[in-house]
2 protein chains.
Amino acid sequence: MALEHAILVSLAERSASGYDLARRFDASIGHFWKASHQQIYKVLGRMETAGWVTPDVVAQDGRPDKKVYVVTAAGRDELAAWTSRPSTVEPTRSELAVKLRALPFGDTAAITDDVRARRRAHEQQLAYYLESAARFYPRPDDVTADELGGWLVLRGGILAEQTGIAWCDEILQRLVPEADDADR
Amino acid sequence: MALEHAILVSLAERSASGYDLARRFDASIGHFWKASHQQIYKVLGRMETAGWVTPDVVAQDGRPDKKVYVVTAAGRDELAAWTSRPSTVEPTRSELAVKLRALPFGDTAAITDDVRARRRAHEQQLAYYLESAARFYPRPDDVTADELGGWLVLRGGILAEQTGIAWCDEILQRLVPEADDADR
DNA sequence: CGAGCCGCTGCAACCGGTTGCATATCGGGG
DNA sequence: CCCCGATATGCAACCGGTTGCAGCGGCTCG
């Protein structure tokens, strides 16, 4: 129920085509709300019908035409109204948690490898976030009102990845107690 | 693709009816993998067809009959095989993150209230987890092999809730800088 | 005595999202 | 020369999950 609003936010920041949005979702907002390009096109269609956005067909030479979507007044109203509605806490879904409960019935070595892989993934993501933070918000205390949201979202990502790593470390300490940190 | 395995784990720990499973999901595993009773019944049907579980109809007096599902050998094989397959990292979905990006287009006061509500929810969940930890794992260093998974999952929950609270606090510090902690 | 909840199972409709495929043009590399 | 990748949009089938509803016996509370 919220992809509409994620797209609305993204378009409110800057008008874009479905293709642009898909790439933007790959790069920034998408870290906190994934969407495939098919889904984006589908939702854009619905949003156009609802009158939240209007397409602006732009001809390009050497490239296919594109439909640049612009947020309408009704779209901005909806966006503001949405921010005023309380959000529902999204249910956590951790396949790793289920796997941990499956320890007595499965392959401990394989699960350990899985935890290591997850730890690496968390570390990569954390590195990416930290780099983004350094690049876009070099002085966090001085962020403008417009930047504040992006900064806070990034902080959330950083905290979450750090926690993910910490959890993996706790798990690995129990599953391979003899290993030192370098081994993990 | 993993509710099957969550149910398999739960049934491997102890055979149960669909109704029992639904309540169990409300209480423990469900904190990390939600499922409604309708979904559970549907999946149990599929699992029975696949031969992973077999129903054992138990007549009860004063209550409707119940179908107690028991994991078959094939079910245990599948469970073990699943633990050996690498897990896919579930995409994060944070409506709050989207809302933070919507700050320039929305109602800051309403968003602030939302963050406060989330903080309370995280605190409640944390309190619940801490209580569970104290009750079921009073001596974490002495957990048995069978208990280890449950303990580690609980640790993950505790870490996640603490992080959620920390994030909310960072956000509130920026949104209501003049407020002290008691006010939040 | 009736209302309403608890235990217990299930169907049907819908809906958001994924997977796979189609199409068209342009430029670059094997 | 042909294939591939980038740009750009979109349909169709499927699938997991939610919402809403239904049935039925027994218990308790007013």
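Each chain gets a letter, A, B and so on, in the order its sequence line appears, and its residues count up from 1.
Side-chain N/O atoms of A:R46 include none lying less than 4.0 angstrom from OP1 or OP2 on C:dC15. Contact check, B:K42 against C:dA12: no side-chain N or O comes under 4.0 Å of OP1 or OP2. At D:dG10, none of the side-chain N or O atoms of A:Q38 fall inside 4.0 Å of OP1 or OP2 (strictly under the cut-off). The shortest distance between the side-chain N/O atoms of A:S36 and the OP1/OP2 oxygens of C:dT19 is not below 4.0 Å. Distances shown here put a side-chain N or O of B:R93 below 4.0 Å from the OP1 or OP2 atom of C:dG17. For the OP1/OP2 pair of D:dT7 and a distance below 4.0 Å, the side-chain nitrogens and oxygens of A:Y19 include at least one atom meeting the criterion. When the side-chain nitrogen and oxygen atoms of A:R23 are compared with OP1 and OP2 of D:dT7, one or more of them lie within a distance under 4.0 Å.
Across the protein-nucleic acid pair, A:L21 atom CG and D:dA8 atom P stand 12 Å apart, rounded to whole Å. B:K66 places its NZ atom 17 Å from the C1' atom of D:dC24, with the value rounded to the nearest Å. Rounded to whole Å, the distance from NZ on B:K34 to C1' on D:dT19 is 17 Å. Atom OH in A:Y69 sits about 12 Å away from atom C1' in D:dA8, given to the nearest Å. As rounded to whole Å, 17 Å separates atom P of D:dG16 from atom CD of B:E90. Between the P atom of C:dT9 and the CD atom of B:E48 lies a distance of 12 Å, rounded to the nearest Å. Atom CG in A:L44 sits about 13 Å away from atom P in C:dG17, given to the nearest Å. Remark: P of D:dC15 and CG of B:L3 are 16 Å apart, rounded to the nearest angstrom.
Contact detail for B:D114 and A:P86: the closest heavy-atom pair is OD1-CA, 3.4 Å. For the pair B:V153 and A:A97, the tightest heavy-atom approach, listed with the atom from each and the gap, is CG2-O, 3.3 Å.
Taking for each of B:H37 and A:D65 the nucleotide of DNA chain D with the nearest heavy atom, the 5'-most of the two is the partner of A:D65.
Under 3.5 Å, the side chain of B:Q60 and the base of C:dG7 form no donor-acceptor pair of N or O atoms.
With respect to the salt-bridge test (charged N to carboxylate O, under 4.0 angstrom), the residues B:R119 and B:E123 qualify.
For A:Q39, the listed nucleotide lying nearest its side chain is C:dT18; candidates were C:dG10, C:dT18, D:dG16.
Ring geometry for B:F32 versus B:Y129: interplanar angle under 30°, hence parallel rather than tilted (30 to 60°).
Aromatic ring centroids of A:F25 and A:H37 lie 6.0 Å or more apart.
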